[in-house]
> 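What follows is a structure written as structure tokens; I'll ask about it next.
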Amino acid sequence: MIEITKIQDWGLGLKKKLVIAGPCSAETPEQIEKIVAGMKSGYKPDVFRAGIWLPRTRPGTLEGVGAEGLKWTEIVREALDIPVTVEVANAKHVEEALKANVDILWVGARTTVNPFSVQEICDALKGVDVPVMVKNPINPDLALWKGALERLNKAGITKLAAIHRGFSSIMKSQYRNNPEWDYALRLKEEFPDLPIICDPSHIGGSRDLIEPISQQAYNLGLDGLMIETHNEPDTAWSDAKQQVTPARFTEIINNL
Ligand code: PEP
Ligand code: MN
């Protein structure tokens with residue numbers, strides 16, 4: 001059992017269906033400006049996402065711009081007046097994100113797999129009332145996903161959501177990460193009040209799959225979407241193939 005504060009009571013003016021959008025990674029202030037401008041004239045998401053610290057599988061690829069990028073969240077607030085979320089993977093990230101008034105934190109798939117890392121995040125959050133979203137672990141293990149949520153809840157975090165981003169598999173498929181919808185539905189069954197947000201970008205791994213996966217998530221009754229959105233997806237520093245422009249993001253949401 002976990003104790004959940006409903007999304008409508010998070011104090012951020014959010015609705016039950018939660019649409020989160022923004023780049024895989026924050027790159028430059030100009031990039032953020034262009035993305036929010038596109039959202040201003042198109043669909044305005046409920047929450048803006050940006051990766052500041054990126055846990056990369058192999059060294060030598062972009063690791064994120066780091067704390068410097070936290071300053072750029074002001075650009076989002078000024079233009080769109082919506083909450084901002086970033087990924088945290090350790091205590092230092094939590095401290096820096098909270099210092100920069102980041103509204104919502106999320107735990108990434110490569111962190112959810114590690115109870116020591118999750119516990120470190122929990123310890124850094126003691127006494128803090130901030131919403132936290134937990135991505136499923138990279139491997140299809142429901143207990144690890146639940147365990148991370150339970151740890152956070154034990155640390156006093158009740159503003160919780162889960163993000164379903166699919167699972168690694170050795171089987172070849174059209175997906176980057178197999179959705180295995182059953183895992184999200186089983187989590188919902190166990191924690192009926194827990195909002196579950198689908199991340200079609202990391203499930204699909206390619207632009208053309210975002211809309212059908214989003215539709216499927218809504219058909220299955222999931223509570224929202226997190227869609228990677230970039231002003232110039234092809235030149236994105238990370239996850240270029242799966243990002244969509246703000247215009248395409250607007251079209252996808254309107255089509256659902
Ligand atoms: C991301 O959200 O950009 C990310 C790194 O995702 P995941 O943790 O799901 O791989
Ligand atoms: Mn990404």
Side-chain angles (χ1 to χ4, degrees), residues 18-27 31-32 35 45 47-59 61-66 69-70 72-73 84-90 93-94 97 102 104-114 117-118 121 131-142 144-145 148-149 152 161-169 175-181 183-184 187 196-207 209-210 213-214 217 222 224-245 248-249:
L18 191 64
V19 176
I20 306 170
C24 177
S25 44
E27 297 166 5
Q31 171 226 24
I32 303 291
I35 297 170
V47 176
F48 189 88
R49 67 149 279 154
I52 298 286
W53 300 283
L54 304 186
R56 303 315 298 273
T57 304
R58 300 187 64 199
T61 47
L62 173 80
E63 305 265 346
V65 293
L70 291 170
W72 311 337
T73 55
V84 173
T85 183
V86 305
E87 173 172 353
V88 292
N90 59 39
H93 296 164
V94 171
V102 167
I104 303 172
L105 308 178
W106 96 76
V107 176
R110 287 162 194 78
T111 304
T112 307
V113 286
N114 186 340
S117 299
V118 175
I121 291 169
V132 183
M133 306 187 290
V134 180
K135 285 201 171 195
N136 66 257
I138 46 179
N139 54 324
D141 185 331
L142 192 60
L144 270 177
W145 200 2
L149 290 156
L152 283 155
I163 302 176
H164 170 232
R165 49 77 80 199
F167 302 90
S168 287
S169 168
Y175 301 109
R176 177 177 176 194
N177 291 293
N178 276 339
E180 312 285 1
W181 295 101
Y183 283 78
L187 189 69
I196 303 184
I197 314 296
C198 176
D199 173 347
S201 309
H202 290 88
I203 291 177
S206 75
R207 237 160 264 161
L209 288 175
I210 311 291
I213 296 167
S214 300
L222 299 198
L225 299 168
M226 181 191 251
I227 298 182
E228 286 189 334
T229 308
H230 193 286
N231 54 308
E232 215 179 290
D234 282 330
T235 64
W237 295 1
S238 57
D239 287 351
K241 285 208 285 265
Q242 68 193 37
Q243 302 208 56
V244 293
T245 60
R248 176 64 190 138
F249 160 68

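Atoms within a ligand are numbered from 1 in the order they appear, just like the ligands themselves. Note: hydrogens, waters and symmetry copies are ignored here, and every other heavy atom, side chains too, is used. Count residues from 1 along the sequence.
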> Under the 3.5 angstrom rule, does the side chain of Arg165 hit a backbone N or O of Ile138 as a donor-acceptor pair?
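Checked: no pair found.
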> Please verify the inter-ring angle class for His93 with Trp53; under 30° counts as parallel, over 60° as perpendicular, anything in between as tilted.
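His93 and Trp53: parallel rings.
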> Quick one: name the protein N/O/S atoms under 2.8 Å from the Mn ion (ligand 2), chain by chain.
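N, O, S partners closer than 2.8 Å: Cys24 SG, His202 NE2, Glu228 OE2, Asp239 OD2.
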> So, applying side chain to side chain contact (heavy atoms under 4.5 Å, CB included) with Ile227, which one of Asp199, Ile213, Val244, Ile20 is it?
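Exactly one candidate clears the test, Val244.
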> Using a strict cut-off of less than 4.0 Å between a Lys/Arg side-chain nitrogen and an Asp/Glu carboxylate oxygen, indicate whether Arg49 and Glu87 qualify as a salt bridge.
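Result for this pair is no, no salt bridge flagged.
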> Determine the sole option in Leu149, Ile163, Ile121 for which the side chain to side chain contact (heavy atoms under 4.5 Å, CB included) test with Val134 is passed.
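Answer after filtering Leu149, Ile163, Ile121: Leu149.
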> With no hydrogens and no angle check, is any side-chain donor or acceptor of Glu228 less than 3.5 Å from a backbone partner on Gln242?
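Checked: no pair found.
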> Report the residues that fulfil ring pair (Phe, Tyr, Trp, His ring centres under 6.0 Å) with His230, sequence neighbours left out, ordered by chain and then residue number.
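By the ring pair (Phe, Tyr, Trp, His ring centres under 6.0 Å) rule, His230 matches no residue at all.
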> Using a threshold of 4.0 angstrom between heavy atoms of the protein and any atom of ligand 1, which residues qualify?
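These residues qualify: Cys24, Arg49, Glu87, Trp106, Gly108, Ala109, Arg110, Lys135, Arg165, His202, Glu228.
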> Find the distance between OG1 (Thr245) and CG (Asn231) and round it off to the nearest 0.5 Å.
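Rounded to the nearest 0.5 Å, the OG1-CG separation comes to 9.5 Å.
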> If the condition is ring pair (Phe, Tyr, Trp, His ring centres under 6.0 Å), which residues does His202 pass it with, not counting sequence neighbours?
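In terms of ring pair (Phe, Tyr, Trp, His ring centres under 6.0 Å), with neighbours along the sequence ignored, His202 is linked to no residue.
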